[in-house]
S.K.: 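One structure is given below, represented as structure tokens, and several questions about it will come after.
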Amino acid sequence: MLDYDLHCHSTVSDGLLSPTDLVARAAERGVKVLALTDHDDISGLAEAATAAAQHGMQFINGVEISATWRNYTLHIIGLRIDPANKPLADGLRNIRSGRGARAQLMADSLAKSGISGALEGAYQYADNHGIIGRTHFARFLVEKGYCKDVRSVFKNYLVKDKPGYVPHQWATLPDAVSWICGSGGVAVLAHPGRYTVARKGMGQKTLRELLREFIDIGGQGIEVVCGSHTPEQYAEFARYANEFNLLASCGSDFHGPGESYRDLGRLPDFPLDCRPVWLAWEADPSPASEAAFISSEENQRGTDRVNR
Ligand code: AMP
Ligand code: MN
Ligand code: MN
Ligand code: MN
């Protein structure tokens, strides 16, 4: 088992636990190295880093950036980013700014299907209104009895050709990767198995074009072991990692107790001879970005300095 979990969400995006509670749960469940990767927002990292230090856990500054490539929405994980990096922070703010209008259109679409009050209902579930998204709508639809759980919402609503779906332009793939790499981070293609689903997803040829392009613009990693992959997909994407010489990453993509495919915690070993993504930073254990982050957060929030 791996004691790295490099993909999870807090209440800063669409997770159910605060950064502090999330870190505590990860520590209890045996995680030794944790990355918090909220969608398009890095404002939970300082709190999570403080909590991780208290648990003696290594913490990685992360983010999951929403990107549009051709007609696909992709998620790009940034690991070891520098949260004080201006192009990254500005880029993320720009992506977040589109979410409010999108939420209004989603609510309008649901209203056409007879579901009223969705906008207010979804915002009730969003601690951070700036990151309002489909998971918050999903929780509202479960609350109102339209679906039995969040997973089944994503079969019947909020996805292409279903009520509540709204196409959206996110960051371009080159922008997302350059913000991550420009801040000293490693860019990882999240849950590739989500993009290749039978019938609706991309085929092998398109996936290969994506991987080639991703690498050309600086992408270095691919999620192999993650919450939305089956064990067969671990093997499939391990083969892609090896073929394309990409580093392999692993993460639960945990959102909340009872809501996710996989809980926080130790993850199965990589199949085959993958090179783990942490090889990229083990040789360089204390990047300048951490020191810069501590001082900028101290200035902004007056948080206690922690020794990391
Ligand atoms: P958004 O960024 O607003 O498009 O929301 C994307 C989020 O919706 C993902 O990060 C997941 O949390 C959730 N989501 C998308 N598809 C599924 C699915 N099939 N099952 C459960 N959650 C999903
Ligand atoms: Mn999510
Ligand atoms: Mn994702
Ligand atoms: Mn995620």
Side-chain angles (χ1 to χ4, degrees), residues 5-17 22 34-42 44 62-68 72-79 92 95-107 109-110 118-119 122-123 125-142 147-162 164-171 176 188-198 200-201 223 225-230 233 249-264 267:
D5 192 332
L6 304 178
H7 184 166
C8 63
H9 298 272
S10 76
T11 45
V12 162
S13 60
D14 56 359
L16 291 172
L17 303 181
L22 185 79
L34 182 76
L36 174 62
T37 55
D38 276 310
H39 299 287
D40 308 326
D41 198 319
I42 50 184
V63 67
E64 182 173 17
I65 303 185
S66 314
T68 302
Y72 299 99
T73 295
L74 307 178
H75 286 174
I76 310 298
I77 300 269
L79 296 174
L92 295 178
I95 308 180
R96 290 197 297 273
S97 70
R99 282 184 174 268
R102 172 188 186 237
Q104 178 68 64
L105 294 173
M106 287 167 66
S109 163
L110 289 169
L119 190 66
Y123 273 112
Y125 287 97
D127 256 39
N128 173 4
H129 281 198
I131 209 82
I132 185 81
R134 287 187 293 163
T135 310
H136 308 111
F137 280 85
R139 291 182 186 136
F140 163 77
L141 292 171
V142 173
C147 293
K148 70 175 190 328
D149 57 24
V150 164
R151 269 178 244 174
S152 53
V153 172
F154 284 95
K155 297 196 177 85
N156 301 300
Y157 297 91
L158 313 180
V159 292
K160 212 159 183 229
D161 302 324
K162 304 284 181 187
Y165 176 73
V166 174
H168 192 74
Q169 270 314 110
W170 301 101
V188 174
L189 182 69
H191 43 60
R194 284 248 192 119
Y195 318 132
T196 58
V197 284
K200 293 174 288 184
E223 272 189 338
V225 172
C226 72
S228 47
H229 284 176
T230 62
Q233 286 176 315
S249 191
C250 64
S252 58
D253 203 3
F254 177 75
H255 283 71
E259 208 174 86
S260 293
Y261 292 98
R262 210 172 227 295
D263 206 320
L264 283 164
L267 293 158

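Whatever order the structure lists them in is the order used to number ligands and atoms, beginning at 1. Heavy atoms only: backbone and side chains are in, while hydrogens, waters and symmetry mates are out. Predicted model only: the values in this text are computed from it and were never measured.
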S.K.: Do the side chain of H229 and the main chain of G193 share a donor and acceptor less than 3.5 angstrom apart?
M.R.: yes
S.K.: Angle class for the H39/H9 ring planes (parallel below 30°, perpendicular above 60°, tilted otherwise)?
M.R.: parallel
S.K.: Which of the atoms of ligand 1 are close to G133, meaning less than 4.0 Å from one of its heavy atoms?
M.R.: 3 (O)
S.K.: Calculate, to the nearest 0.5 Å, the distance between atoms OG and CD belonging to S228 and Q233 respectively.
M.R.: 7.5 Å
S.K.: What verdict does the side chain to side chain donor-acceptor pair (under 3.5 Å) test give for D14 and H136, after you've listed the backbone C-alpha separation in whole Å, the side-chain angles of each residue and the deciding distance to 0.1 Å?
M.R.: CA-CA 7 Å; D14 56 359; H136 308 111; 5.9 Å; no
S.K.: With side chain to side chain contact (heavy atoms under 4.5 Å, CB included) as the test, pick out the partner of V12 among L22, L36, N128, D40.
M.R.: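 It is N128; the other options fail the test.
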S.K.: Return the set of residues passing salt bridge (Lys or Arg N to Asp or Glu O under 4.0 Å) with R134 (not counting sequence neighbours), or none when no residue passes.
M.R.: none
S.K.: Give the residue, atom name and distance (to 0.1 Å) of the protein heavy atom nearest atom 12 (O) of ligand 1.
M.R.: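 Looking at atom 12 (O) of ligand 1, the protein heavy atom closest to it is H255 NE2, 2.9 Å.
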S.K.: Under a 4.0 angstrom heavy-atom cut-off, which atoms of ligand 1 come close to T135?
M.R.: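 Reading through ligand 1 atom by atom, the close ones are 7 (C), 8 (O), 11 (C), 12 (O), 13 (C).
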S.K.: Do L264 and L34 pass the side chain to side chain contact (heavy atoms under 4.5 Å, CB included) test, and can you show the C-alpha distance, the side-chain angles, and the key distance before you say yes or no?
M.R.: CA-CA 9 Å; L264 283 164; L34 182 76; 4.2 Å; yes
S.K.: Which atom name does D14 have for its N/O/S atom nearest to the Mn ion (ligand 2)?
M.R.: OD2
S.K.: On a heavy-atom basis, which atom in D263 and which in F254 lie closest, and how many Å separate them?
M.R.: OD1-CE1, 3.3 Å
S.K.: Going by heavy-atom distance to atom 17 (C) of ligand 1, choose the closest among Y165, F137, F154.
M.R.: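 That would be F154.
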S.K.: Select one of side chain, backbone, both or neither to describe which atoms of V159 lie under 4.0 Å from any atom of ligand 1, heavy atoms only.
M.R.: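 Under 4.0 Å from ligand 1, V159 contributes no heavy atoms.
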S.K.: Are any of the N/O atoms in R99 less than 3.5 Å from those in ligand 1?
M.R.: yes
S.K.: Any nitrogen or oxygen of H39, side chain or backbone, less than 3.5 Å from one on ligand 1?
M.R.: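 Looking only at distances, the answer is yes, because the N/O contact criterion of under 3.5 Å is met.
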S.K.: Is there a donor-acceptor pair closer than 3.5 Å between any side-chain N or O of S249 and the backbone N or O of E223?
M.R.: no
S.K.: Is T37 reaching over with its side chain to a backbone N or O of C8, donor-acceptor style, under 3.5 angstrom?
M.R.: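 A pair under 3.5 Å: yes.
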S.K.: As an exercise, identify every atom of ligand 1 less than 4.0 angstrom from a heavy atom of R194.
M.R.: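 So the atoms of ligand 1 that pass are 15 (C), 16 (N).
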S.K.: With rounding to the nearest 0.5 angstrom, report the CD1 to OG1 distance, I131 to T11.
M.R.: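 Reported value, rounded in 0.5 Å steps: 12.0 Å.
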S.K.: Near the Mn ion (ligand 4), which protein N/O/S atoms are found at less than 2.8 Å?
M.R.: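 Hits for the Mn ion (ligand 4) below 2.8 Å: H7 NE2, H9 NE2, E64 OE1, D253 OD1.
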S.K.: Closest by any non-hydrogen atom to atom 1 (P) of ligand 1: pick that one out of H9, R102, K155.
M.R.: R102
S.K.: Can you confirm, on distance only, whether ligand 1 has an N/O atom lying under 3.5 Å from any N/O atom belonging to R134?
M.R.: yes
